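Note that the structure is a prediction, hence the values are computed from the model and not measured. Numbers for residues simply follow the sequence, beginning at 1.
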Amino acid sequence: MERRYSTYTVEELRAEVAVLKEKLQKAEQWGNVSEYEILQRKMQMAAAYLVNPADFEKGERYELAGDPGQTFEITYINGVFAWGHRVNLLGQKFEAEEAVPLSILGDKQS
């Protein structure tokens with residue numbers, strides 16, 4: 001039976017991220033795209049529990065890891081997810097609100 005990441009200790013989360021990273025590299029080497037995507041999402045989720053939500057501010061824009069040219073403007077934070085909108089290079093917000101794990105947010109943009 002799988003446990004929820006919210007019940008893991010920091011050490012267990014770090015170990016899980018390391019294991020998933022290794023599996024991710026193997027999936028990439030074998031060219032298994034679907035497994036790669038699944039493992040990447042799992043790794044992002046595990047890593048999100050290692051991030052301090054207090055380090056992020058609503059109304060601010062942050063880089064999106066793996067998505068150059070777009071930032072993410074936070075509307076609110078719920079647990080390890082930031083809810084908000086993607087913003088393109090021209091400063092246009094996408095209409096759809098979405099949730100992203102805090103682990104994929106990078107540096108704050110000015």
Side-chain angles (χ1 to χ4, degrees):
M1 185 164 145
E2 264 190 61
R3 293 172 42 205
R4 293 178 181 220
Y5 288 139
S6 60
T7 66
Y8 281 41
T9 65
V10 171
E11 294 80 19
E12 289 173 322
L13 285 166
R14 287 186 180 135
E16 177 73 2
V17 169
V19 167
L20 290 168
K21 192 175 212 174
E22 189 176 307
K23 289 180 179 181
L24 187 71
Q25 290 170 342
K26 288 180 183 176
E28 185 177 34
Q29 288 173 351
W30 287 97
N32 191 337
V33 178
S34 60
E35 184 178 357
Y36 178 87
E37 292 292 326
I38 291 167
L39 290 168
Q40 186 176 41
R41 301 274 186 281
K42 284 183 82 170
M43 191 171 78
Q44 290 169 348
M45 284 304 305
Y49 284 92
L50 292 169
V51 176
N52 183 1
D55 292 341
F56 299 90
E57 301 172 39
K58 70 178 187 175
E60 296 294 335
R61 290 183 184 173
Y62 295 86
E63 292 177 353
L64 274 170
D67 206 346
Q70 289 192 5
T71 57
F72 190 82
E73 185 174 317
I74 297 176
T75 306
Y76 67 95
I77 297 172
N78 186 359
V80 297
F81 284 95
W83 286 81
H85 301 272
R86 289 178 188 256
V87 181
N88 67 18
L89 285 172
L90 301 174
Q92 300 166 320
K93 278 189 193 178
F94 288 71
E95 282 191 40
E97 185 176 51
E98 65 178 300
V100 298
L102 292 173
S103 60
I104 71 166
L105 296 179
D107 295 334
K108 187 189 314 187
Q109 300 297 293
S110 22

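- Environment of CD in E97: crowded, with over 12 heavy atoms of neighbouring residues, nucleotides or ligands closer than 6.0 Å.
- Around atom CZ of R3, more than 12 heavy atoms belonging to other residues, nucleotides or ligands sit under 6.0 Å away.
- In plain terms, the two heavy atoms of L102 and A82 that are nearest each other are CD2-CB, 3.7 Å.
- Side-chain atoms of L64 and T71, non-hydrogen and from C-beta on, never get closer than 4.5 Å to each other.
- T75 contributes atom OG1, which lies 10.5 Å from atom CD of E98 (distance to the nearest 0.5 angstrom).
- The closest side-chain heavy-atom distance from I77 to K58 is not below 4.5 Å.
- Residues F94 and Q70 have side chains in contact (heavy-atom distance under 4.5 Å, counting atoms from C-beta outward).
- By the 4.5 Å side-chain criterion applied to Ile, Leu, Val, Met, Phe, Trp and Tyr, W83 is assigned to a cluster that also includes Y5, Y8, V10, L13, V17, L20, L24, Y36, L39, M43, M45, Y49, L50, Y76, V80, F81.
- Contact detail for A48 and S103: the closest heavy-atom pair is N-CB, 3.5 Å.
- At a threshold of 4.5 Å between non-hydrogen side-chain atoms, the residues F72 and D67 do not count as touching.
- In terms of heavy atoms, D55 sits closest to Y62 at O-OH, 4.0 Å.
- Of all heavy-atom pairs between Q44 and P101, the closest is O-CB, 4.1 Å.
- The shortest distance between side-chain heavy atoms of I74 and E60 does not fall below 4.5 Å.
- Taking 4.5 Å as the limit, some side-chain heavy atom of E57 sits within range of a side-chain heavy atom of K108.
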